[in-house]
Trainee: 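Got a structure for you, questions after.
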Amino acid sequence: QVQLQESGPGLVKPSQTLSLTCTVSGGSITTNYYYWTWIRQAPGRGLEWIGYISSSGYTYYTPSLKSRTSISMDMSKNQFTLQLSSVTSEDTAVYYCARSPIAAIPARNYWGPGTQVTVSS
């Protein structure tokens, strides 16, 4: 059974970089082809697809966040990470990692439970 778990600081100062890690258990992030995806939901807003890193290492980010986003993976730890730079209060959200068969928001089959990140001074 594949499980995902987000981790990282829950509070980030404005202008700093938000860094989150998704730890995957029960399956390798490189063996089968998936899109290892980050999604977020800000208060009162819908789900927002951030981007992904594929099992082969290809990355793609939503254009609105592309300039501030970096997704990478650590194969030795079976983890992938999100870095979002120059954050503002509008980046406050629950952040989810997910394993997706498509390059879009997937059905909620293989998502982490989410982690709250608040941007505040």
Side-chain angles (χ1 to χ4, degrees):
Q1 178 69 29
V2 174
Q3 294 183 321
L4 293 80
Q5 177 66 60
E6 304 89 350
S7 62
L11 181 65
V12 183
K13 299 292 186 181
S15 82
Q16 294 185 343
T17 296
L18 180 159
S19 297
L20 296 174
T21 296
C22 183
T23 299
V24 180
S25 60
S28 172
I29 61 174
T30 59
T31 298
N32 297 315
Y33 202 90
Y34 290 106
Y35 302 94
W36 301 97
T37 301
W38 288 99
I39 302 156
R40 70 180 184 180
Q41 186 167 30
R45 302 180 66 182
L47 295 169
E48 181 181 18
W49 186 86
I50 299 172
Y52 68 79
I53 184 165
S54 75
S55 297
S56 63
Y58 179 81
T59 57
Y60 186 82
Y61 315 122
T62 188
S64 63
L65 297 173
K66 181 179 180 180
S67 66
R68 300 194 289 128
T69 304
S70 179
I71 299 174
S72 60
M73 63 181 179
D74 185 336
M75 294 180 290
S76 68
K77 297 180 179 179
N78 215 44
Q79 296 175 332
F80 64 104
T81 62
L82 170 69
Q83 293 188 309
L84 184 66
S85 65
S86 302
V87 298
T88 72
S89 61
E90 293 189 8
D91 294 308
T92 294
V94 176
Y95 285 76
Y96 301 91
C97 60
R99 189 189 78 178
S100 178
I102 57 173
I105 298 176
R108 201 156 180 158
N109 295 328
Y110 298 103
W111 293 40
T115 187
Q116 173 72 46
V117 179
T118 299
V119 179
S120 177
S121 61

Trainee: For Tyr35 and Tyr52, take the angle between the two ring planes, folded into 0 to 90°, and tell me which bin it lands in: parallel under 30, tilted 30 to 60, perpendicular over 60.
Mentor: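 If you compare the ring of Tyr35 with that of Tyr52, the planes turn out perpendicular.
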Trainee: Tell me, with the steps shown, if Ser7 and Thr115 meet side-chain contact (heavy atoms from CB on, under 4.5 Å).
Mentor: CA-CA 7 Å; Ser7 62; Thr115 187; over 6 Å; no
Trainee: Any pair with a residue in residues 20-34 that passes side-chain hydrogen bond (donor to acceptor under 3.5 Å, both in side chains), sequence neighbours left out, goes on the list, sorted by first then second residue, please.
Mentor: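 Qualifying pairs: Thr23-Gln79, Ser28-Thr30, Ser28-Thr31, Tyr33-Ser54.
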Trainee: Spell out, as yes or no, whether a donor-acceptor pair under 3.5 Å connects the side chain of Thr69 to the backbone of Leu84.
Mentor: no
Trainee: Starting at CE of Met73, measure out to CD1 of Ile29 and round the result to the nearest 0.5 Å.
Mentor: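 If we round to the nearest 0.5 Å, Met73:CE and Ile29:CD1 are 5.5 Å apart.
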Trainee: Could you tell me which non-hydrogen atom of Leu4 sits nearest to which non-hydrogen atom of Cys22, and how far apart they are?
Mentor: CD2-SG, 3.6 Å
Trainee: If Ile, Leu, Val, Met, Phe, Trp and Tyr residues are connected whenever their side-chain heavy atoms lie under 4.5 Å apart, and connections chain through other members, are Met75 and Ile53 in the same group?
Mentor: yes
Trainee: For the ring-ring contact (aromatic ring centres under 6.0 Å, His included) test, which of Phe80, Tyr96, Tyr61, Trp111 pairs with Trp38?
Mentor: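 Result: among Phe80, Tyr96, Tyr61, Trp111, Phe80 is the only option passing the ring-ring contact (aromatic ring centres under 6.0 Å, His included) with Trp38.
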Trainee: Quick one: OG1 on Thr37 to CD1 on Ile71, what's the gap to the nearest 0.5 Å?
Mentor: 7.5 Å
Trainee: Please report the closest heavy-atom contact between Thr17 and Val12, naming both atoms and the distance.
Mentor: O-CG1, 4.0 Å
Trainee: Could you report the tightest heavy-atom contact between Ser100 and Ala104, atom names first, then the distance?
Mentor: OG-O, 3.5 Å
Trainee: Can you list every pair that meets salt bridge (charged side-chain N to carboxylate O under 4.0 Å, His left out) and has a residue in residues 91-108, with sequence neighbours left out?
Mentor: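 Passing the test, one end in residues 91-108: Arg40-Asp91, Arg68-Asp91.
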Trainee: Report yes if some heavy atom in the side chain of Ile50 is under 4.5 Å from a heavy atom in the side chain of Leu65; otherwise report no.
Mentor: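 Yes - at least one pair of side-chain heavy atoms lies under 4.5 Å apart.
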Trainee: Could you pull out the closest heavy-atom pair between Ile39 and Ile105, with the gap in Å?
Mentor: CD1-CG2, 4.3 Å
Trainee: Let me see the working for Gln1 and Gln3 under side-chain contact (heavy atoms from CB on, under 4.5 Å), right down to the final yes or no.
Mentor: CA-CA 6 Å; Gln1 178 69 29; Gln3 294 183 321; 4.3 Å; yes
Trainee: Same cluster or not: are Val87 and Val117 linked, directly or through other Ile, Leu, Val, Met, Phe, Trp or Tyr residues, by side-chain heavy atoms under 4.5 angstrom apart?
Mentor: yes
Trainee: Enter the distance from Leu11:CG to Ser121:OG here, rounded to the nearest 0.5 Å.
Mentor: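 Those atoms lie 9.0 Å apart.
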Trainee: Looking only at non-hydrogen atoms, find the nearest pair between Gly8 and Leu20 and report the distance.
Mentor: CA-CD2, 3.9 Å
Trainee: Could you state the interatomic distance from OG (Ser85) to CD (Gln16), rounded to the nearest 0.5 Å?
Mentor: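 Those atoms lie 12.0 Å apart.
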Trainee: Which atom names give the shortest non-hydrogen contact between Pro101 and Pro106, and what distance separates them?
Mentor: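 Here Pro101 and Pro106 meet closest at CD-CB, 4.3 Å.
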Trainee: Give a yes or no answer on whether the side chain of Glu6 reaches the backbone of Gly114 with a donor-acceptor pair at less than 3.5 Å.
Mentor: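 Pair found, side chain donor or acceptor close to backbone of Gly114.
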Trainee: Whether the side chain of Ser89 engages the backbone of Val119 through a donor-acceptor N/O pair (distance < 3.5 Å, no angle test) should be reported.
Mentor: no
